[in-house]
Amino acid sequence: MERIQLPATDLSLSRLIYGMWRLADDKDTSTSHVQAKIEACLKNGITSFDQADIYGNYECEKLLGKTLNESPSLRDQMEIITKCDIALLSDKRPEHRVKHYDTSAAHIRSSVEASLTHMAIDRIDVLLLHRPDPLMDHHETGAVLDALIKEGKVRTVGVSNFMRSDWELLQSAMSAKLVTNQIELSVARFEAFLDGQVAFLQKEGIPPMAWSPLGGGQLMNPSHPKEQALFDALSELGAQHGCTADHIAIAWLLKHPSRILPVMGTNNLDRIEKLHLACSVELSRQDWFALLELAKGEEVP
Ligand SMILES: NC(=O)c1ccc[n+]([C@@H]2O[C@H](COP(=O)([O-])OP(=O)(O)OC[C@H]3O[C@@H](n4cnc5c(N)ncnc54)[C@H](OP(=O)(O)O)[C@@H]3O)[C@@H](O)[C@H]2O)c1
């Protein structure tokens with residue numbers, strides 16, 4: 001599988017990333033099953049894994065950590081991405097009165113320490129700020145992120161769900177270069193292609209990560225005629241390319257020259273085994289626009 005070099009670093013990620021948001025929703029959360037999913041990814045060249053402190057009500061990082069404790073040789077074959085700054089209302093965090101964001105140095109530092117402990121690792125490969133915090137003091141946040149890199153606790157830093165202005169604010173107060181912006185992007189949610197978000201990253205040479213690349217499953221489970229027409233077109237192209245609708249939806253993202261890294265969310269082992277098929281599909285320009293037209297419900301102007 002193709003690898004994507006993160007700018008100004010010695011770190012590369014696999015073109016497809018495996019997302020662990022739904023790890024705790026799987027009916028089987030045993031370490032042997034988590035291990036089987038990781039191994040299915042590795043076997044197919046997917047070496048990059050996406051976590052967040054809050055996933056599974058603060059449990060998903062621990063599920064990964066238990067698995068790595070039992071099979072320590074996995075760690076060196078993986079790049080681990082995790083996120084911080086969202087503070088959930090949760091029985092695990094009784095001190096939270098309201099859902100909020102926290103980009104204070106103290107919170108980021110304690111969150112990183114907790115993620116390292118929970119995942120049983122000594123360095124995070126990519127740390128992302130999960131959401132832009134309207135109260136972010138960019139000097140304070142930038143300084144702690146640079147310090148965590150210097151201390152070796154974090155290898156590289158990026159962001160998620162940031163608009164260009166949030167990105168520029170934080171970057172202006174950091175010496176390390178931000179390496180990615182993980183944004184919602186799929187045939188179902190294509191707006192970032194049209195509103196300048198992807199164009200900005202492309203200009204900066206920053207590979208975007210696409211979360212919910214199958215629209216969180218919505219693309220594969222159409223519930224009204226417009227979604228059905230899009231699903232039918234994806235399936236038809238799948239048949240032409242010897243794969244299925246989900247692979248075409250991913251190939252649609254891979255075609256973009258900004259070098260998008262889709263973050264896949266399936267818990268299904270068979271689907272994980274076949275994700276790599278998306279990387280062999282070359283969609284034509286007209287097929288790309290045909291899918292955009294079906295998603296928009298109208299032709300481009
Ligand atoms: N940064 C952020 O703010 C943010 C937000 C959300 C997510 N994320 C990241 O993005 C990752 C992926 O998000 P996601 O899970 O929403 O991604 P997704 O791949 O768009 O959706 C996954 C869902 O689609 C279903 N699905 C996949 N293939 C299917 C198929 N062929 N037919 C029917 N259903 C299918 C899966 O069910 P099965 O398990 O049954 O296959 C699962 O419920 C997360 O794990 C997380 O790492 C980040």
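Residue numbers start at 1 and run along the sequence shown. Both ligands and their constituent atoms are indexed starting at 1 by order of listing.
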Do [X] and [Y] share a hydrophobic cluster, counting only Ile, Leu, Val, Met, Phe, Trp and Tyr and linking them when any side-chain heavy atoms are less than 4.5 Å apart?
{"X": "Val198", "Y": "Leu178", "answer": "yes"}
{"X": "Leu42", "Y": "Leu13", "answer": "no"}
{"X": "Tyr18", "Y": "Met209", "answer": "no"}
{"X": "Ile54", "Y": "Leu129", "answer": "no"}

Using distance alone, with no hydrogens and no angle criterion, decide if [X] and [Y] have a side-chain donor and acceptor under 3.5 Å apart.
{"X": "Asp102", "Y": "Ser104", "result": "yes"}
{"X": "Glu79", "Y": "Thr47", "result": "yes"}
{"X": "Gln51", "Y": "Thr82", "result": "no"}

With heavy-atom distances below 4.0 Å as the criterion, list the atoms of ligand 1 near [X].
{"X": "Asn268", "answer": "39 (O), 41 (O)"}
{"X": "Asn221", "answer": "33 (C), 34 (N)"}
{"X": "Met20", "answer": "45 (O), 47 (O)"}
{"X": "Gln182", "answer": "1 (N), 2 (C), 4 (C), 8 (N), 9 (C), 48 (C)"}

Protein residue, atom and distance nearest to [atom], heavy-atom basis:
{"atom": "atom 25 (C) of ligand 1", "result": "Gly217 CA, 3.9 Å"}
{"atom": "atom 44 (C) of ligand 1", "result": "Trp21 CB, 3.4 Å"}
{"atom": "atom 12 (C) of ligand 1", "result": "Val263 O, 3.0 Å"}
{"atom": "atom 47 (O) of ligand 1", "result": "Asp50 OD2, 2.5 Å"}
{"atom": "atom 19 (O) of ligand 1", "result": "Gly265 N, 3.2 Å"}
{"atom": "atom 31 (N) of ligand 1", "result": "Asp246 OD2, 3.2 Å"}
{"atom": "atom 3 (O) of ligand 1", "result": "Asn161 ND2, 2.9 Å"}
{"atom": "atom 35 (C) of ligand 1", "result": "Arg271 NH1, 3.6 Å"}

To the nearest 0.5 Å, atom SG of Cys60 lies from atom CE of Met20 at 8.5 Å
Between [X] and ligand 1, is there a nitrogen or oxygen pair with a distance under 3.5 Å?
{"X": "Met264", "answer": "no"}
{"X": "Gly216", "answer": "yes"}
{"X": "Lys83", "answer": "no"}

Take Asp125 and Arg75, measure what salt bridge (Lys or Arg N to Asp or Glu O under 4.0 Å) needs, and give me the verdict at the end.
CA-CA 11 Å; Asp125 293 301; Arg75 169 60 181 117; 3.1 Å; yes
Please verify the inter-ring angle class for Tyr55 with His130; under 30° counts as parallel, over 60° as perpendicular, anything in between as tilted.
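Correct class here is perpendicular.
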Of [options], which has the heavy atom at the shortest distance from [atom]?
{"atom": "atom 41 (O) of ligand 1", "options": "Asp26, Leu219, Thr266", "answer": "Thr266"}
{"atom": "atom 27 (C) of ligand 1", "options": "Leu129, Asp25, Leu214", "answer": "Leu214"}
{"atom": "atom 46 (C) of ligand 1", "options": "Trp211, Phe231, Tyr55", "answer": "Tyr55"}
{"atom": "atom 16 (O) of ligand 1", "options": "Ser212, Ala245, Gly238, Gly19", "answer": "Ser212"}

Is it the side chain (CB and beyond), the backbone, both or neither of [X] that lies under 4.0 Å from ligand 1, heavy atoms counted?
{"X": "Thr244", "value": "neither"}
{"X": "Pro213", "value": "both"}
{"X": "Gln51", "value": "neither"}

Salt bridge flag under 4.0 Å for residues Asp287 and Lys255
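No, no charged N to carboxylate O under 4.0 Å.
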Spell out, as yes or no, whether a donor-acceptor pair under 3.5 Å connects the side chain of Lys226 to the backbone of Ala295.
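Judged by distance alone, yes, a pair lies under 3.5 Å.
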Looking at Arg22, is its backbone amide N or carbonyl O close enough to the side chain of Asn267 to form a donor-acceptor pair, meaning the two atoms are under 3.5 Å apart?
yes
How close do Leu234 and Leu219 get, heavy atom to heavy atom, and via which atoms?
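For Leu234 versus Leu219, the nearest heavy atoms are CD1-CD2, 4.3 Å.
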Please confirm whether His130 approaches ligand 1 to less than 4.0 Å, judged on its heavy atoms.
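Yes, His130 has a heavy atom closer than 4.0 Å to ligand 1.
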